[in-house]
Amino acid sequence: MDEKDMELDKLDDTLQDNIPEEKLDENGLENRDGVNYETSDNWQFEAEAPTLSNDLFDGEVDLPAQKPSSGPIEYQSPAVQAKVKDSRKKELLHFIPTALLILAIAVMLVVLGVRYYTVPNGKEGKMMNPASVVATVDGTKVSIGMFNYYYSSMVSYHESYASYGYFDLDTTKDYASQYTTDADGNKITWKDYFEQETLKEIEQLTAYYTAAVKAGVQLTDAQKETIDSQIESLKTSASSQNVSLDEYISKNFGEYCSEDTLRLMLEQYYITANYKGKLATETQISQDEIDAHFAENKSKYNTINFSYLMLEYDSTDDQTKEKSQKAVDDYLNKITDRDSIIDLVPEVYKDLIDQEAANAMASDEDMTQEEAEKTAIASYEQRIDATVTGSDTPFSDEINEWLFSDDTPVGSKNSYIDESTGNAYLILKTEKAKLLDDETYSVRHILIQPEEEGTETDESGNAKYSEEQMESAKSKAEEILKEFNSGDKTEYSFALLAEQNSTDTGSTSAGSNGAFGGLYEGVSLGQMVPSFEEWSVDSQRKYGDTDIVESDFGYHIMFFVNNCPAYEAQIILELKNDKINDIAEKADIKHHDKIIEKAINNFYSSRSAAASAENQTAQ
């Protein structure tokens, strides 16, 4: 053993002698160097520890063909000796880094504990340990808590809509044994679908967030206040249940999900919205681009009205499928015109009508069953008509082409079977398709409403503002417009002012419409108050025009974007999205499959245990 080997052994012995004693606190956590590690989980680290195998060397290892001779040592010239010495030096350089790597891993395992690499700690950011990372997107780590939040939300969303018949999903059965189709039309289990869609959601958000941070995009003060308000609301809910905030969040949003997780999620959401909004203002689409896209996709920008009935379609096996298809054919034969569809409503929607009538009588004791049924039938009769465009029809390409084609006469009928949702549509074409060429406009605005304290209301319950209140709101609007004009006067600067000041949350990220910066895009005539619309459709208006407009709601600081036919507004939006979406599509994504698999299995195990506990309590 040479001197280096002796030093390494001595160092290893020293580390082993200084391993701190294991101590369990009152929560059953192991304390190592002031850090608590969980001991009750059985997580396993997915990577293997490196070994002295050939794949760790820079190149191939040349082994001698036979053992060296044990005879007399032959004379070697200085040149040969130098070559041998240089060769040994290279071999040593290959070996020492490998030995140091093994030593480094041993040291890390001793100091941090094996559980640092095998058990999630539920932390975010720099405090996150390796076992908590489910994926990295452009270098940004995604925690298991974040994954659990999005996964539970994805499952909850589909289960909720499945209860209304939108998805063919039986919530009482194993999702690994039920099938649907993914975005590419491939047949996959619902369990795999949820994983796929969750990762897609996380990857897109994280890719944009990472790019936004690099671009220096930050939260507005209003968004920070919104985040604090949402967290405070959760604290109130947790307090009402006599549990800590993290316990409440973990129970409702997923294991290892904490306050830090939700704060980060909200920050990522708003910063991403700001960044997308910035990109949208900076991405301009030329008229040549619009014309070229329209020439290649004309059918997408047509709209059509039609009438339909929707039936349940059970394709569980050949017998149920045959029965469902017979019902489709029988009802289709009964359809001759729109009136015939109305006549079929009470029969086709009987169960839904009965349920709606029962609900109506439960909420109104004076309502008779006959009145309730009549009201429910009228409600479903109003639902037989629909309008779609060539780009948003729920049907297949084949049915879509049939419906929009000028060669298909008005009065033609057809059926579309969607086995993934368990529905069949009986379609009656009631008119020809037409181009979406109605006039539209796009503007940004900042709404400044008067203070409402002590405000009276009119007969309709709308606020009646005093002259003083209106004058105060006008002064504030003028100050904001002055601030805008003193800056770079870009659309993005205006959007940020809208985020910070507008009380119209429906057009900012503070609302739930996915809007940003006070934007109303592709607005059809008649949707806005007269003064708002008159300013927007002025033929002299050009991009970047600003002004202050008064309405019954207060004062609108306006920024003009464009005025064009509806189909052009839709093309502009699509082309902008295509350019912006490149960021997510080009992201460098890495998954930790074993951690993801374990997280999903734990999700279903926890749900099963909770359901069993609930059943026992009920019994």
Side-chain angles (χ1 to χ4, degrees), residues 161-162 164-168 180-181 185 297-316 320-357 372-438 524 565-567 570:
Y161 277 88
Y164 294 102
Y166 285 95
F167 300 113
D168 186 17
T180 185
T181 53
N297 304 274
K298 287 184 179 180
S299 62
K300 285 179 59 179
Y301 306 106
N302 286 333
T303 182
I304 194 168
N305 296 326
F306 61 93
S307 299
Y308 76 102
L309 289 172
M310 186 176 74
L311 308 177
E312 290 186 4
Y313 193 91
D314 189 349
S315 58
T316 304
T320 57
K321 188 172 182 178
E322 182 179 354
K323 183 178 179 181
S324 295
Q325 187 61 51
K326 185 178 186 307
V328 168
D329 295 338
D330 289 344
Y331 279 118
L332 198 60
N333 287 332
K334 295 178 182 179
I335 294 176
T336 56
D337 54 20
R338 185 176 179 277
D339 288 341
S340 66
I341 291 181
I342 292 178
D343 292 340
L344 289 171
V345 164
E347 182 179 347
V348 172
Y349 296 124
K350 183 181 185 306
D351 291 342
L352 295 172
I353 289 171
D354 290 345
Q355 183 62 51
E356 190 166 316
E373 289 180 354
K374 185 177 180 179
T375 302
I377 289 173
S379 173
Y380 278 92
E381 286 177 348
Q382 294 175 358
R383 304 180 197 184
I384 68 169
D385 297 314
T387 302
V388 296
T389 65
S391 60
D392 69 3
T393 174
F395 308 132
S396 64
D397 291 341
E398 181 181 357
I399 297 297
N400 192 36
E401 184 177 351
W402 168 84
L403 181 62
F404 281 86
S405 175
D406 288 337
D407 296 332
T408 303
V410 172
S412 299
K413 55 188 180 181
N414 208 335
S415 63
Y416 169 64
I417 311 300
D418 188 351
E419 293 187 9
S420 65
T421 61
N423 295 317
Y425 298 86
L426 312 184
I427 308 161
L428 175 71
K429 182 171 181 176
T430 56
E431 67 174 31
K432 286 185 174 294
K434 62 179 182 179
L435 180 65
L436 283 164
D437 58 358
D438 295 339
S524 299
Y567 76 90
Q570 187 173 337

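Residue indices begin at 1 and follow the sequence shown.
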Enquirer: Please determine whether a side-chain nitrogen of the Lys or Arg among Asp343 and Lys334 lies less than 4.0 Å from a carboxylate oxygen of the Asp or Glu.
Expert: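 So Asp343 does not pair with Lys334 through a salt bridge.
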Enquirer: Are Leu332 and Lys413 packed together at the side-chain level, in the sense that at least one heavy-atom pair is separated by less than 4.5 angstrom?
Expert: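 Of all side-chain heavy-atom pairs linking Lys413 with Leu332, at least one is under 4.5 Å.
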Enquirer: Where the side chain of Ser415 meets the backbone of Asp329, is there a donor-acceptor pair that is under 3.5 Å apart?
Expert: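 No; judged by distance alone, with no hydrogens or angles, the pair does not exist.
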Enquirer: Can you find a heavy atom in the side chain of Phe306 that is under 4.5 Å from one in the side chain of Val388?
Expert: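 Yes, side chains in contact.
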Enquirer: Is it true that atom NZ of Lys321 has more than 12 heavy atoms of other residues, nucleotides or ligands lying nearer than 6.0 Å?
Expert: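 No.
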Enquirer: Do any N or O atoms from the side chain of Thr408 and from the backbone of Trp402 form a donor-acceptor pair under 3.5 angstrom?
Expert: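 Indeed, once roles are kept as given, a pair shorter than 3.5 Å links the two residues.
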Enquirer: Quick check: do Val345 and Ile353 have side-chain heavy atoms less than 4.5 Å from each other?
Expert: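 Yes; the side chains approach each other to less than 4.5 Å.
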Enquirer: May I ask you to decide if the ring planes of Phe167 and Tyr161 are parallel, tilted or perpendicular, using 30° and 60° as cut-offs?
Expert: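 Geometry flag for Tyr161 against Phe167: perpendicular rings.
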Enquirer: Taking all non-hydrogen atoms of both residues into account, name the closest pair between Ala357 and Ala372 and its distance.
Expert: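 Reported closest heavy-atom pair: O-CB, 3.6 Å.
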Enquirer: Rounded to the nearest 0.5 Å, what separates atom CG in Leu428 from atom OG in Ser412?
Expert: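 These two atoms lie 8.5 Å from each other.
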Enquirer: State, with a plain yes or no, whether a side-chain heavy atom of Tyr301 is found less than 4.5 Å away from one of Asp437.
Expert: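 Side-chain contact under 4.5 Å: no.
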Enquirer: Charged N to carboxylate O below 4.0 Å: is that the case for Asp354 and Lys350?
Expert: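 Result for this pair is yes, salt bridge flagged.
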Enquirer: Just how far is it from atom OG of Ser340 to atom CG of Asn333, taken to the nearest 0.5 Å?
Expert: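 Result: 11.5 Å between the selected atoms.
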Enquirer: So does Asp330 have more than 12 non-hydrogen atoms from other groups sitting under 6.0 Å from CG?
Expert: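 Atom CG in Asp330 is packed in, count exceeds 12.
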Enquirer: Can you find a side-chain donor-acceptor pair between Asp168 and Thr421 that sits under 3.5 Å?
Expert: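 On atom types as modelled, these side chains do not qualify, holding no pair under 3.5 Å.
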Enquirer: Quick one: closest heavy-atom pair of Ala433 and Asn302, and the distance?
Expert: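 Heavy-atom minimum between the residues: CB-CB, 4.2 Å.
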Enquirer: Determine, step by step, whether Val328 and Leu426 satisfy the side chain to side chain contact (heavy atoms under 4.5 Å, CB included) criterion, reporting the C-alpha distance in whole Å, the side-chain angles of both residues, the deciding distance to 0.1 Å, and the verdict.
Expert: CA-CA 7 Å; Val328 168; Leu426 312 184; 3.6 Å; yes
Enquirer: Rounded to the nearest 0.5 Å, what separates atom CD in Glu419 from atom OG1 in Thr180?
Expert: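 These two atoms lie 11.0 Å from each other.
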Enquirer: With heavy-atom distances below 4.5 Å as the criterion, would you say the side chains of Arg338 and Ile384 are in contact?
Expert: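 The answer is yes; the side chains approach within 4.5 Å.
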Enquirer: Determine the minimum heavy-atom distance between Phe404 and Gly390, stating which atoms define it.
Expert: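 Reported closest heavy-atom pair: CZ-N, 3.5 Å.
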Enquirer: For Glu401, does the CD atom sit with more than 12 other heavy atoms under 6.0 Å from it, leaving out its own atoms?
Expert: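 No - once you tally the heavy atoms of other residues, nucleotides and ligands closer than 6.0 Å, there are 12 at most.
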Enquirer: Heavy atoms only: give me the nearest Asn423-Tyr313 pair and the separation to one decimal.
Expert: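 Nearest heavy atoms, Asn423 then Tyr313: C-CB, 3.9 Å.
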Enquirer: With distance as the sole test, does Lys429 use its side chain to make a donor-acceptor pair with the main-chain N or O of Leu403 at under 3.5 Å?
Expert: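 Indeed, once roles are kept as given, a pair shorter than 3.5 Å links the two residues.
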Enquirer: Is it true that, when you exclude Lys432 itself, more than 12 heavy atoms of the residues, nucleotides or ligands shown sit nearer than 6.0 Å to its NZ?
Expert: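 Atom NZ in Lys432 is crowded, with more than 12 foreign heavy atoms closer than 6.0 Å.
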Enquirer: Contact between Met310 and Tyr349 at the side-chain level, heavy atoms closer than 4.5 Å - yes or no?
Expert: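 Result yes, sub-4.5 Å side-chain heavy-atom pair found.
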Enquirer: Would you please say whether a donor-acceptor pair under 3.5 Å links the side chains of Gln355 and Asp351?
Expert: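 There is no such pair (donor and acceptor under 3.5 Å, judged by atom type) between the side chains of Gln355 and Asp351.
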Enquirer: Could you give the distance from CD1 (Ile399) to CG (Asp418), rounded to the nearest 0.5 Å?
Expert: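 Those atoms lie 11.5 Å apart.
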Enquirer: Hey, is the main chain of Leu436 close enough, under 3.5 Å, to the side chain of Thr303 for a donor-acceptor pair?
Expert: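 Side chain of Thr303 to backbone of Leu436, a donor-acceptor pair under 3.5 Å: no, none is there.
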Enquirer: Quick check: closest heavy atoms across Ser396 and Tyr416, and the distance to 0.1 Å?
Expert: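 In terms of heavy atoms, the two residues are closest at N-CE1, 3.5 Å.
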Enquirer: Quick one: sort the Tyr308 and Tyr425 rings into parallel, tilted or perpendicular, breaks at 30° and 60°.
Expert: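 It falls in the tilted class, 30° to 60°.
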Enquirer: Checking side chain to side chain donor-acceptor pair (under 3.5 Å) against Ser379, which of Gln382, Glu381, Arg383 comes through?
Expert: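 Answer to the side chain to side chain donor-acceptor pair (under 3.5 Å) test with Ser379 among Gln382, Glu381, Arg383: Arg383.
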